[in-house]
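Below, chains carry the letters A, B, ... as their sequence lines are ordered, and counting in each starts from 1.
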Number of protein chains: 2
Amino acid sequence: MLSDATIGRLPLYLRELQQLQRQGQTRVQSGILARRLGFTDSQVRRDLSSFGSLGQRGVGYDIRGLIATIQNTLGSDRAWNVILVGVGNLGRALSGYRGFEQQGFRLVGAFDIDQSKIGMKLGQLTIQSIDAVDELIQRESVELAILSVPAAAAVQVAQKLEIAGIAGILNFAPVTVNQPRSHVTVVNVDLAVELQRLAYAVLRSKE
Amino acid sequence: MLSDATIGRLPLYLRELQQLQRQGQTRVQSGILARRLGFTDSQVRRDLSSFGSLGQRGVGYDIRGLIATIQNTLGSDRAWNVILVGVGNLGRALSGYRGFEQQGFRLVGAFDIDQSKIGMKLGQLTIQSIDAVDELIQRESVELAILSVPAAAAVQVAQKLEIAGIAGILNFAPVTVNQPRSHVTVVNVDLAVELQRLAYAVLRSKE
DNA sequence: TAGATTGTTAATCGATTAACAATC
DNA sequence: TAGATTGTTAATCGATTAACAATC
């Protein structure tokens, strides 16, 4: 019922709606959301109409209702337990990233292979050995992992997480960690890839 | 000639090809690349055929030639000067990210508003006041900026960068920084959005 | 009522895929 | 030659858009 393309945009609608709500707004129109996100108003209406009739003709959409519906769809209305695997520079930065907990993601563990890091504090958490990851995943019903280990270790660690029963991996390593017959869902964020996409777009815009 | 969808995949082909090359391979087939990236072999051939005939029927593609062609297309065969704007936790991690310079991106400046950070070292660089950004952009012909300032400051800083003549922004702030009639190209990486997309996918896979 | 904006249609546009002739 | 794999076609699938009747 919701297309893949629509789903990809839902978190962005949610973000803008929450921002409007913080600014004290209670209603919004498709054209406003479209302008803020760089979409067409047609697309916004089509996306939002996937949920049924949430708007009022001549008036617009109730922000509170929209937020509730999108959060419910995305699963952002509940808490998710998340672990961090790989406490390098990037991992450390991600562990302190405010945006995660604001959207219901709770960091409940941090893991590394490096013996010298184990036992050190990372915010409220104590960095544990990667060998202890199975136990925590089971005990805390952890469903999501943020993977920020070096590329060379990523595939192996991802396999370990899968065996331990993780359901989803946000992968920052610049390698494909999905295994062919795997049940784990993976979303990849490759920072160098994004910068290359930007460079290409800049190159083209100059022609 | 190259579709948007193809362009989005080029950096991923490049990444896998470089990895295969490091492993000593000189040739690759569409099916191999497809399996490694989770695409269909049909899609790989269609994407690569956009460049003309680079493969040999019955044999496959020459890795070196493919890399050269893709790098040339993406502009990865030349150096890009990049500045970092916003030296918080995330900015610091990004400044040390190896993947950037490996793909031809050279960090030539780091900027912040926080007076207490100005003058401090960040690797080889000295953190400068955001007020000095115009001068460096001009002097070093900086085309790309990595923007990792707090959401509340992002739009304003992005405008400043635009006026200073930056061509592209890799935006990590969870807000839309594109201005309607702007000439700046923006690629957004919203970490919370990616985690929400993952959570949604996990939710659906359990049904 | 008059003005505004949604929800939805129908057309268009773009991307993916299976299949296979071409050819190494 | 026989086997393998590309390049390309044609069909299908999915996403976007303009337009406007419905309706607040």
Closest-nucleotide 5' rank along DNA chain D - winner of B:G52 and A:Q56
B:G52
For A:D47 and C:dT6, give me the distance from atom CG to atom C1', rounded to whole Å.
14 Å
Contact class for A:S30 vs. all strands (heavy atom < 4.0 Å): base, sugar-phosphate, or nothing?
sugar-phosphate
Would you indicate what B:R9 reaches in the nucleic acid, counting non-hydrogen atoms under 4.0 angstrom: base, sugar-phosphate, or nothing?
sugar-phosphate
Between D:dT23 and A:R57, counting only base atoms on the nucleotide and side-chain atoms on the residue, is there a donor-acceptor pair under 3.5 Å?
no
Looking only at side chains, do B:E162 and B:Q179 share a donor and an acceptor under 3.5 Å apart?
no
Categorize A:L54 for me: base, sugar-phosphate, or nothing, with a 4.0 angstrom heavy-atom threshold over every strand shown.
sugar-phosphate
Please give, in whole Å, the distance from D:dT17 P to A:F39 CZ?
10 Å
Side chains of A:R45 and A:S30: any donor to acceptor distance under 3.5 Å?
yes
Rounded distance in Å - CD1 (B:I32) to P (D:dT5)
8 Å
Between A:T176 (side chain only) and B:R36 (backbone N and O only), is there a donor and an acceptor less than 3.5 Å apart?
yes
Side chain of A:Q43 - closest among C:dT16, D:dT5, D:dT17:
D:dT17
Pair assignment for D:dC24, Watson-Crick or G-U wobble, requiring both distances under 3.5 Å:
C:dG3
Measure from CG on A:D41 to C1' on C:dT5 and round the result to the nearest Å.
10 Å
Contact class for B:D4 vs. all strands (heavy atom < 4.0 Å): base, sugar-phosphate, or nothing?
sugar-phosphate
Indicate the ring-plane relationship of A:W80 and A:F105, choosing parallel, tilted or perpendicular according to the 30° and 60° boundaries.
tilted
Gap between atoms CG and P, on A:L48 and C:dT5 respectively (whole Å)
15 Å
Return the value, rounded to whole Å, for the distance between atom CZ of A:F51 and atom P of C:dT6.
16 Å
Counting Watson-Crick and G-U wobble pairs only, both distances under 3.5 Å, name the nucleotide matched with D:dA10, or none.
C:dT17
Counting only side-chain heavy atoms from C-beta out, which of D:dG7, C:dG7, D:dT17 sits nearest to A:T40?
D:dT17
Euclidean distance, atom OH of residue B:Y61 to atom P of D:dA4 [Å, nearest integer]:
18 Å
Within the structure shown, what part of the strands sits under 4.0 Å from A:S42 by heavy-atom distance: base, sugar-phosphate, or nothing?
base
Under the side chain to side chain contact (heavy atoms under 4.5 Å, CB included) test against B:V189, which residue among A:L195, A:V189, A:L198 passes?
A:V189
Rounded to whole angstrom units, what separation is found between the CG atom of A:L33 and the P atom of C:dG7?
12 Å
